[in-house]
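Reviewing the structure listed below.
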Amino acid sequence: MQDRYDFKSIEKKWQDIWDKEEAFRTYEDYDKEKYYVLEMFPYPSGKLHMGHVRNYSIGDVIARFKKMSGFNVLHPMGWDSFGLPAENAAIKHGIHPFEWTNHNINDMKNQLFSLGLSYDWSREVATYKPEYYKWTQWLFIQFYKNGLAYKKDNPVNWCPDCNTVLANEQVVEGCCERCSTPVIKKHLSQWYLKITDYADRLLDDLENLEGWPDKVKAMQRNWIGKSEGVEVKFSIDCEDKDLVVYTTRPDTLFGVTYMVLAPEHPYVKEFTKGTKYESAVNTYIEECAHKSELERTSLTKDKTGEFIGKYAINPVNGKKVPIYISDYVMMDYGTGAIMAVPAHDQRDFEFATVFGLDIIPVVKVDGVDLDNLTEAAAAEGIMINSGKYNGMNNKQAIQSISAELEEQGLGKKSINYKLRDWLISRQRYWGTPIPMIYCEHCGWVPENDDNLPVLLPTDVEFTGKGSSPLTSSKTFRHCTCPKCGRPAEREIDTMDTFLDSSWYFLRYCDANNDNHIFDSTKVNYWMNVDQYIGGVEHAILHLMYSRFFQMFINDIGLSQSDEPFRNLLTQGMVTKGYYDSKNNYIVAKMSKSLGNVVSPAEIQNKYGTDTARLFILFAAPPEKELEWSDAGVEGSYRFLNRVYRLVMDYIENIRGPERNFSEPQISSTTDKNLNYIINATIKKVSEDAGGRFNFNTAIASIMEFVNEMYKYIQSKEINLPLFNKAIETLIIVLNPFTPHITEELWQLLGNEERLYETKWPEYDASALIKDEVEVIIQINGKLKDKMTIPNNTEKEVAEKSAKELDKIKDALCDKEILKTIFVPNKIVNFVVK
RNA sequence: GCGCGAAUGGCGGAAUUGGCAGACGCACUAGAUUUAGGUUCUAGCGGGAGACCGUGGGGGUUCAACUCCCUCUUCGCGCACCA
């Protein structure tokens with residue numbers, strides 16, 4: 001027997017067989033219960049990393065387990081293949097994005113293939129293919145026809161480095177999420193999707209997503225940012241205009257000491273024009289306009305602002321308060337104006353401190369000295385300095401004051417969201433063309449369905465400079481109006497790639513349909529995705545956009561599902577320790593710049609794919625961070641060799657010529673123990689791998705099983721039918737984790753049938769009932785001794801046996817037993833004085 | 001500041017319903033096999049001489065707490081001048 005099993009030839013052999021036999025091709029079988037397991041499709045960067053391996057290994061275990069358990073499993077793969085890197089490669093190396101992407105997909109597909117993943121490749125999709133983006137364009141037109149897509153001139157987030165606009169969601173701490181360049185504001189006419197129409201539904205339906213991590217739901221809730229408050233109308237002294245502000249704290253109205261407008265508020269220029277305040281105010285506005293989002297939202301800086309020379313009149317007490325402008329008020333939230341209550345809002349408190357404005361407390365908060373405030377008192381309390389509301393709890397006052405304002409026509413209840421409409425225009429080449437046409441007579445008109453897809457032109461220069469690359473095409477721009485037939489111009493921006501990935505899971509259900517986006521019958525059979533797996537970095541963007549798309553697709557009657565993903569598993573990062581320049585040991589996400597990367601190919605060459613998969617699944621629960629350990633990989637490799645030797649030893653030395661074994665007869669204690677662990681392992685692996693996705697403990701139990709089998713073959717009397725059952729069980733339950741080695745061993749045992757098609761075993765509950773059990777004996781809850789007694793021994797009998805044990809006798813001799821707690825087959829606990 | 005989560009041996013982690021804390025693996029130690037190294041196999045492996053003590057700290061509930069309640073600390077992640 002060889003020292004180490006030959007993983008290289010075994011893995012290649014089975015990958016080729018699965019491919020040739022189309023082993024994982026899936027057909028709609030409407031009588032069979034379906035299971036749709038999906039891993040987030042990758043961007044084809046060309047290189048597979050450990051994060052991918054982890055993601056796809058998790059999905060593959062689930063897919064293989066569910067298939068063996070009798071489900072009709074849909075497990076597809078594809079490519080999120082539009083996006084900037086391809087275009088940057090074109091600018092840098094002169095390769096056309098199409099070539100670059102094609103090449104990378106080819107490379108990555110080979111790498112995926114080498115992982116032995118059970119995909120149905122006949123359903124492969126790639127978002128850059130015209131047969132895919134045709135339907136992305138078609139969907140956009142459906143949004144447009146339903147009033148959910150519009151073009152608007154707005155200040156937008158602009159990344160000067162990527163030369164394109166960004167969605168709100170793509171701005172991280174004021175910087176471009178891709179290149180970290182500070183984002184600036186620019187006025188541009190852009191296409192938007194009206195996701196805000198779905199704000200409430202996106203928020204409320206989160207409650208029903210029980211299979212989602214709380215963290216992700218919390219992040220989406222936070223992002224939608226619903227807040228309920230009141231719009232209050234202040235009149236302006238010496239002007240016949242009202243100033244409307246939005247507040248969630250109408251109870252603090254009596255504490256208003258000034259007002260603040262956003263610098264961009266239209267009143268500002270109007271009120272200051274020709275006054276002595278004009279130049280200072282204009283200077284301030286200029287300063288704000290030149291600040292990046294990062295500078296403007298920085299928390300550490302002191303509050304700044306300017307008085308604009310006007311006063312507002314408080315509707316509840318007629319008090320005159322000054323109006324300021326300051327950049328801590330945002331034009332695009334609420335009404336772009338606030339009432340300031342420095343006593344109860346920290347930002348107002350800071351501003352009032354800088355500008356020496358009054359601070360009037362109106363809510364008495366427990367434990368706060370209102371006469372010497374050092375910070376705003378935002379907590380709950382009792383109303384003071386508030387006329388007839390004095391003495392009322394401030395929560396009640398919110399209701400009473402809102403109601404009264406509403407009655408008097410001075411205010412109305414209002415709901416605000418942080419969620420903005422989704423800006424989807426990109427001044428880029430490598431994306432889905434927006435299928436809209438501008439006609440001087442008809443305005444914006446969608447391209448006719450018959451003319452879809454609007455193809456990306458090939459005669460385009462990649463300079464990385466100037467406006468949208470599509471402008472440089474001689475063929476693309478000019479067209480005729482689909483409505484009136486006059487000469488017209490195409491939209492030259494492309495779509496945000498997040499549109500492409502917001503519906504790909506639907507296309508998998510009917511990937512090769514040329515006539516429709518998909519057949520609804522098929523979609524209704526497969527959807528929703530039963531288990532979605534991917535990184536938590538998509539918690540907001542991709543996962544919220546996809547929910548929005550699914551809701552819309554549901555609304556227009558194309559799918560019965562209104563949520564795309566029933567269950568979501570967010571896998572943890574793959575990290576590795578390294579020593580920094582000061583020789584500190586640091587554990588961080590694998591990254592090229594830190595030099596702590598382990599490439600999948602390296603591990604596959606040294607130990608094989610099965611070892612790589614096994615280690616990744618064993619080292620940590622899937623949602624937790626996984627620290628790479630070379631020694632740990634060795635351990636997994638050692639285990640697989642141990643399995644290989646055990647089975648080969650069985651085939652070559654133990655089994656003999658007999659192949660067909662009858663149902664095992666079990667009588668001896670060692671046989672009973674082996675039968676016990678066979679069934680206990682089936683139970684454990686089924687629950688851990690198929691239910692709660694704790695692959696680490698499932699694998700641990702298989703390792704215990706193997707340890708027990710090694711012990712069993714030490715005994716001279718081997719019950720062949722039983723041991724044969726143990727060997728077969730081992731190979732089957734290990735198969736979803738390490739498919740190649742198990743498939744090989746299955747064949748070596750003499751099986752004609754493929755292992756991946758084998759039925760998952762059911763455990764025999766009666767085998768789990770032991771004849772004798774170990775019971776622990778406690779005194780006052782502390783462990784004192786143990787004894788082995790027959791299963792299901794009565795309380796009185798167990799108590800009596802326990803008292804006869806020497807240790808217990810000694811411990812009890814001078815004590816009075818107050819009571820005895822008995823847990824059948826587990827515990828006898830004497831409570832003594 | 002708001003939200004989510006975590007803290008268990010030298011390390012990764014287990015304990016699913018409150019019932020033997022440390023499964024399984026790594027590292028380590030000793031022995032066997034081997035010319036030797038590696039491989040493999042066997043045994044040991046929280047602390048303490050011991051009574052006992054041990055799941056971040058303190059308190060509580062309970063016959064019994066890693067698990068439930070209160071409180072504090074530390075760390076990770078996400079969001080954040082959103083009125």
Side-chain angles (χ1 to χ4, degrees), chain A residues 3-4 172-173 213-219 221-223 225-227 229 245-249 252 260 262 296-301 303 326-330 332-341 344-348 350-351 375-376 378 416-419 536-537 539-540 572-573 577 614-615 618-621 623-636 638-639 641-642 645 684 687-688 691-692 694 696-707 710 714 774-786 818-823 825-827 829-832:
Chain A
D3 240 19
R4 297 295 184 126
V172 179
E173 286 175 5
D214 288 339
K215 182 190 171 111
V216 174
K217 289 193 275 189
M219 282 166 78
R221 229 174 261 129
N222 209 317
W223 189 262
K226 183 176 184 171
S227 100
V245 299
Y246 172 74
T247 179
T248 54
R249 292 291 303 272
T252 61
V260 189
R296 185 161 168 177
T297 56
S298 163
L299 274 175
T300 47
K301 76 176 180 74
K303 294 278 178 290
S326 174
D327 63 359
Y328 82 89
V329 174
M330 307 292 144
D332 62 358
Y333 186 80
T335 61
I338 62 157
M339 59 180 225
V341 187
H344 302 291
D345 181 283
Q346 186 58 25
R347 296 152 297 180
D348 298 346
E350 286 164 17
F351 189 89
E375 58 179 358
N416 266 286
Y417 300 91
K418 291 187 210 172
L419 184 71
V536 73
E537 67 273 17
I540 296 170
M573 285 186 305
L614 187 72
F615 169 71
F618 176 62
E623 67 282 358
K624 283 186 78 171
E625 190 175 279
L626 179 138
E627 189 186 340
W628 190 265
S629 144
D630 292 332
V633 180
E634 288 273 0
S636 294
R638 205 174 300 158
F639 170 72
N641 277 296
R642 214 165 130 77
R645 278 195 308 274
K684 179 78 176 155
E687 287 168 359
D688 285 0
R692 50 177 208 152
N694 279 13
N696 53 331
T697 51
I699 293 166
S701 74
I702 298 173
M703 288 172 167
E704 279 182 80
F705 184 29
V706 169
N707 292 343
Y710 266 95
Q714 306 282 308
E774 194 178 59
V775 167
I776 58 158
I777 301 129
Q778 301 178 325
I779 291 175
N780 288 343
K782 296 212 161 161
L783 176 71
K784 292 293 168 189
D785 208 351
K786 295 175 185 181
L818 298 178
K819 65 174 167 174
T820 308
I821 310 282
F822 177 71
V823 183
N825 292 339
K826 274 189 182 148
I827 283 174
N829 182 14
F830 297 107
V831 184
V832 303

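Each chain gets a letter, A, B and so on, in the order its sequence line appears, and its residues count up from 1. This is a predicted model, so every value here is computed, not measured.
- Rounded to whole Å, the distance from CZ on A:Arg692 to P on B:U16 is 8 Å.
- If you check distances only, the side chain of A:Lys303 does reach the base of B:C81 with a donor-acceptor pair under 3.5 Å.
- Proximity of A:Lys684 to A:Phe705: side-chain heavy atoms (C-beta onward) are nowhere separated by under 4.5 Å.
- Side chain of A:Met219, nearest nucleotide from B:G78, B:U40, B:G19: B:G78.
- Using P as the reference atom, B:G1 and B:G56 are 25 Å apart when rounded to the nearest Å.
- Across all non-hydrogen atoms, the minimal contact from A:Met219 to A:Ile540 is O-CD1, 4.1 Å.
- Side-chain contact between A:Val341 and A:Arg249: absent, with no pair of heavy atoms (C-beta onward) separated by less than 4.5 Å.
- Using a 4.0 Å heavy-atom criterion, one finds that A:Lys786 contacts the bases of the nucleic acid, with or without backbone contacts as well.
- Toward the 5′ end of RNA chain B lies the nearest nucleotide of A:Asn694, the other residue of the pair A:Thr335 and A:Asn694 mapping further downstream.
- Closest to the A:Lys826 side chain, of the nucleotides B:G19, B:A80, B:A83, is B:G19.
- For A:Asp214, counting side-chain heavy atoms from C-beta on, the closest listed nucleotide (B:C4, B:C63, B:C52) is B:C4.
- Taking atom P in both B:C68 and B:U55, one finds a spacing of 15 Å when rounded to whole Å.
- In this model, the phosphate group of B:G78 is not approached by any side-chain N or O of A:Lys217 to a distance below 4.0 Å at OP1 or OP2.
- In RNA chain B, stems built from 3 or more consecutive Watson-Crick or G-U wobble pairs, each with both distances under 3.5 Å, span B:1-7 with B:73-79, B:10-12 with B:24-26, B:28-32 with B:40-44, B:56-60 with B:68-72.
- Considering only the side chain of A:Pro621, B:G13 comes nearest among B:C63, B:G13, B:C81.
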- Item | Sequence-aligned protein contact record of nucleotides 24-34 of chain B, with B where the base is within under 4.0 Å of a protein heavy atom and S where only the sugar-phosphate is | BSSS-------

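- Note that the OG1 atom of A:Thr820 and the CD1 atom of A:Ile779 stand 10.5 Å from one another [nearest 0.5 Å].
- Nearest nucleotide to the A:Trp223 side chain, out of B:U16, B:C81, B:A80: B:A80.
- Rounding to the nearest 0.5 Å gives a distance of 12.0 Å between CD1 of A:Ile338 and OH of A:Tyr333.
- Taking atom NZ on A:Lys819 and atom P on B:C63, their separation rounds to 5 Å, with Å as the unit.
- With contacts defined as side-chain heavy-atom distances shorter than 4.5 Å, the pair A:Ile821/A:Gln778 does not qualify.
- Summarising the geometry, the separation between CG on A:Asn222 and C1' on B:C4 is reported as 10 Å, rounded to the nearest angstrom.
- Among all heavy-atom pairs drawn from A:Thr335 and A:Tyr246, the shortest one is OG1-N, 3.7 Å.
- Dashed line: the shortest gap from a side-chain N or O of A:Tyr333 to OP1 or OP2 of B:A83 is under 4.0 Å.
- Base engagement by A:Gln778 is indicated by at least one non-hydrogen atom pair under 4.0 Å involving a base atom.
- Panel note: side chain A:Asp345, backbone A:Asp348; a donor-acceptor pair is recorded below 3.5 Å.
- Of the side-chain N and O atoms in A:Lys684, none sit less than 4.0 angstrom from OP1 or OP2 of B:A23.
- Of the candidate nucleotides B:G13, B:A83, B:C63, B:C63 has the atom nearest to the side chain of A:Asn829.
- Here, B:A15 and B:G31 have their P atoms 36 Å apart, quoted to the whole Å.
- Closest contact between the side chain of A:Ile338 and the listed nucleotides B:A14, B:C20, B:A83 involves B:A83.
- With a glycosidic angle no further than 90° from 0, B:G9 counts as syn.
- Listed pair A:Lys215 / B:G78 fails the phosphate criterion, with no side-chain N or O lying under 4.0 Å from OP1 or OP2.
- Taking atom P on both B:U8 and B:G57, the two are 10 Å apart, rounded to the nearest angstrom.
- Counting to the nearest Å, the P atom of B:C20 and the CD1 atom of A:Ile821 are 15 Å from each other.
- Between A:Tyr710 and A:Arg642, the shortest heavy-atom distance links the atoms OH-O, 2.8 Å.
- Side-chain contact between A:Asn780 and A:Val831: present, with at least one pair of heavy atoms (C-beta onward) separated by less than 4.5 Å.
- One C1' atom belongs to B:G10, the other to B:G44, and the distance between them is 16 Å to the nearest Å.
- Spacing between atom CD of A:Glu627 and atom C1' of B:C11 amounts to 8 Å, rounded to whole angstrom units.
- Place A:Ser227 and A:Glu774 on RNA chain B by their nearest nucleotides, and A:Glu774 ends up nearer the 5' end.
- Paired with A:Asp688 under the rule side chain to side chain donor-acceptor pair (under 3.5 Å), one option of A:Asn696, A:Asn694, A:Thr697 passes, and it is A:Thr697.
- B:C72 and B:C63 have their C1' atoms separated by 29 Å, given to the nearest Å.
- Only the P atoms considered, B:U42 is 13 Å distant from B:C24, to the nearest whole Å.
- We find the CE-NZ distance between A:Met330 and A:Lys418 to be 12.0 Å, quoted to the nearest 0.5 Å.
- In this structure, A:Lys226 reaches neither bases nor backbone, as no heavy-atom distance under 4.0 Å exists between it and the strands shown.
- Here the separation of B:U39 from B:A23, taken at their C1' atoms, is 27 Å to the nearest Å.
- Distances from the side chain of A:Asn696 to the nucleotides B:C81, B:G13, B:A15 place B:G13 closest.
- The side-chain contact (heavy atoms from CB on, under 4.5 Å) check on A:Gln346 picks up A:Phe349, A:Glu350, A:Glu375, A:Ala376, with sequence neighbours excluded.
- The CD atom of A:Gln714 sits 6 Å away from the P atom of B:U42 (whole-angstrom rounding).
- Atom-to-atom, CG of A:Asn825 to P of B:C20 comes out at 14 Å; the value is rounded to the nearest Å.
- What separates CG of A:Leu783 from P of B:A51 is a distance of 12 Å, to the nearest Å.
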